[in-house]
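Presented below is the structure to which this report refers.
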Amino acid sequence: MEALVVEGGVRLSGEVEISGAKNAVLPIMAASLLTDKECVIHNVPDLRDVRTMVKLLEILGVEVSWNDKTLRIKAGRIKEPLAPYDLVKTMRASVLVLGPLLAREGYAKVSLPGGCAIGERPIDLHIKGLKALSASVDIEEGYVIAKADRMKGATFAFDKVTVTGTENIVMASVMAEGETVLENVAQEPEVWDLITVLKKMGALIEKVEPNSLRIMGVKSLSGFEHKVMPDRIEAATFLITGAMCSEKITIKGAKKEHLVAVLSKLYECGIKITSQENALIVDGADEILPADVETNPYPGFPTDVQAQYMAMMSIAKGTSVITENIFEKRFTHAAELRRMGANIIVDANKAIVRGVKELKGAPVMASDLRASASLVIAALAAKGKSKISRIYHLDRGYENFDGKLKSLGAKIWRIKE
Ligand code: EPZ
């Protein structure tokens with residue numbers, strides 16, 4: 001396993017380029033299963049999770065070629081519509097092949113993903129949605145087995161907002177017979193990037209305000225060519241990094257319209273951010289003001305930025321309360337930040353953070369993707385040396401994060417342990 005060693009206290013400066021969004025490219029790759037024509041995806045980030053999705057597609061019998069940042073995918077023939085447990089357990093997003101496989105083949109066998117560090121992560125709403133489209137769905141030996149000669153359009157309301165649940169059911173419905181209306185759908189920009197792709201393929205999808213979709217089933221879909229949107233969570237991660245430990249950082253490719261809740265919260269903390277054509281510039285803050293935050297579905301404050309925000313509140317001038325409304329166990333980074341001297345009390349889904357003057361470097365352990373980023377940021381701001389172990393979590397969702405930080409002047413090394 002690899003670890004990152006960080007010598008904190010360096011003021012970073014320079015510019016970074018935001019990579020393609022992990023949570024957009026994964027569903028878009030799954031959408032290629034809906035057609036036997038070639039699909040071309042540009043701006044693909046080189047992530048562990050993308051490599052896992054490539055492996056899954058190849059197991060399904062799909063031809064995949066990946067050159068530089070372009071993926072060419074052709075699902076000419078599905079060898080076997082089976083997503084095996086030993087692959088799905090390494091990446092929950094594998095569940096995104098369920099809807100497209102069922103729509104394409106009329107049959108899909110996908111392992112239940114199992115829980116992870118941030119929560120139990122059920123997929124009951126995915127299953128309810130497929131059943132609403134007249135699929136038969138059973139759970140056998142840890143696998144979801146879905147069957148449907150041709151799904152039938154229906155009206156279905158999600159009990160809770162679910163990002164991949166919305167994506168799965170939209171992909172299941174685009175070739176169903178007749179009209180589907182989905183209510184209480186997720187509004188994340190990544191969902192819209194997928195819908196843009198599906199419409200390029202010939203799907204008939206329209207938004208019905210405020211949070212519904214109307215889909216008219218078509219007989220078949222064509223291929224597509226698409227450039228993946230920039231990763232707003234990576235951009236938010238660099239904004240917080242810049243606020244905590246930089247002179248000034250230019251974040252190229254960041255779209256401010258995807259970051260409204262994050263930007264308004266950072267303004268509340270006294271962080272100076274200016275926007276340029278296709279870039280955001282963040283100034284290092286001498287003083288960070290505390291501000292409470294609650295995570296919510298888009299356009300609310302993203303749960304995927306909560307851990308990074310907690311690192312920033314650890315050195316704010318006062319106390320803040322962080323409420324995590326999406327996942328039941330997404331505070332594992334708090335104990336690791338405490339090892340660096342942070343003063344954080346966790347009570348159910350609330351964390352009370354009393355800002356300290358400065359953090360001290362320490363050996364810490366990453367537990368999930370965004371917690372890893374939070375620990376790296378804290379280590380950069382801390383006095384002294386830190387070692388962050390199990391950084392394979394980081395590599396799942398950040399392309400060359402340590403390399404980008406090094407280009408900003410960070411003293412950061414990757415070691416084998
Ligand atoms: C997506 O996960 C993202 N992953 C997550 O990003 C992100 O944190 C999450 O959405 C919330 O924004 C991808 O897009 C690949 P949900 P997803 O279904 O779809 C409950 C990262 O760091 N729920 O929107 O799995 C669920 O337990 C990752 O990049 C059900 O109860 O999340 C949670 O409490 C982490 N039943 C809430 O809904 C279901 O059937 C939201 O989960 C589905 C979800």
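One-based numbering along the sequence shown. The shown structure was predicted, so the numbers you read here are calculated from the model rather than taken from an experiment.
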Determine whether V293 and M313 make a side-chain contact, defined as any pair of heavy atoms from C-beta on separated by less than 4.5 Å.
-> no

Side chain to side chain contact (heavy atoms under 4.5 Å, CB included) test vs V305 passes for just one of T237, L239, I240, namely I240

Taken in chain and number order and not counting sequence neighbours, the residues that satisfy ring-ring contact (aromatic ring centres under 6.0 Å, His included) with F301 are Y309

Here the pair of heavy atoms bringing A382 nearest to M340 is CB-CE, 4.3 Å

Here the ring-ring contact (aromatic ring centres under 6.0 Å, His included) pairs for residues 235-258, sequence neighbours left out, are F238-F401

- request: Please assess W192 against Q187 for the test side-chain contact (heavy atoms from CB on, under 4.5 Å), listing each intermediate value before the final yes or no.
  value: CA-CA 7 Å; W192 294 109; Q187 311 276 332; 3.8 Å; yes

Exactly one candidate in T164, L96, V144 meets side chain to side chain contact (heavy atoms under 4.5 Å, CB included) with H126; the answer is T164

For the pair E63 and K74, evaluate salt bridge (charged side-chain N to carboxylate O under 4.0 Å, His left out) and give the outcome as yes or no after the intermediate values.
CA-CA 5 Å; E63 294 162 45; K74 193 168 185 306; 5.1 Å; no

Taking it one step at a time, do R51 and D46 satisfy salt bridge (charged side-chain N to carboxylate O under 4.0 Å, His left out)?
CA-CA 8 Å; R51 291 195 286 277; D46 182 9; 2.4 Å; yes

* For E324 and T303, run side-chain hydrogen bond (donor to acceptor under 3.5 Å, both in side chains): C-alpha distance rounded to whole Å, both residues' side-chain angles, the deciding distance at 0.1 Å, then the answer. => CA-CA 7 Å; E324 172 55 63; T303 174; 3.0 Å; yes

- Query: Are any side-chain N or O atoms of N184 and backbone N or O atoms of F158, one a donor and one an acceptor, separated by less than 3.5 Å?
  - Reply: yes

Scanning both residues in full, the closest heavy-atom pair of R330 with D304 reads NH1-OD1, 2.7 Å

Checklist entry - Do R232 and E190 sit within salt-bridge range, that is, some charged N less than 4.0 Å from a carboxylate O? => result yes

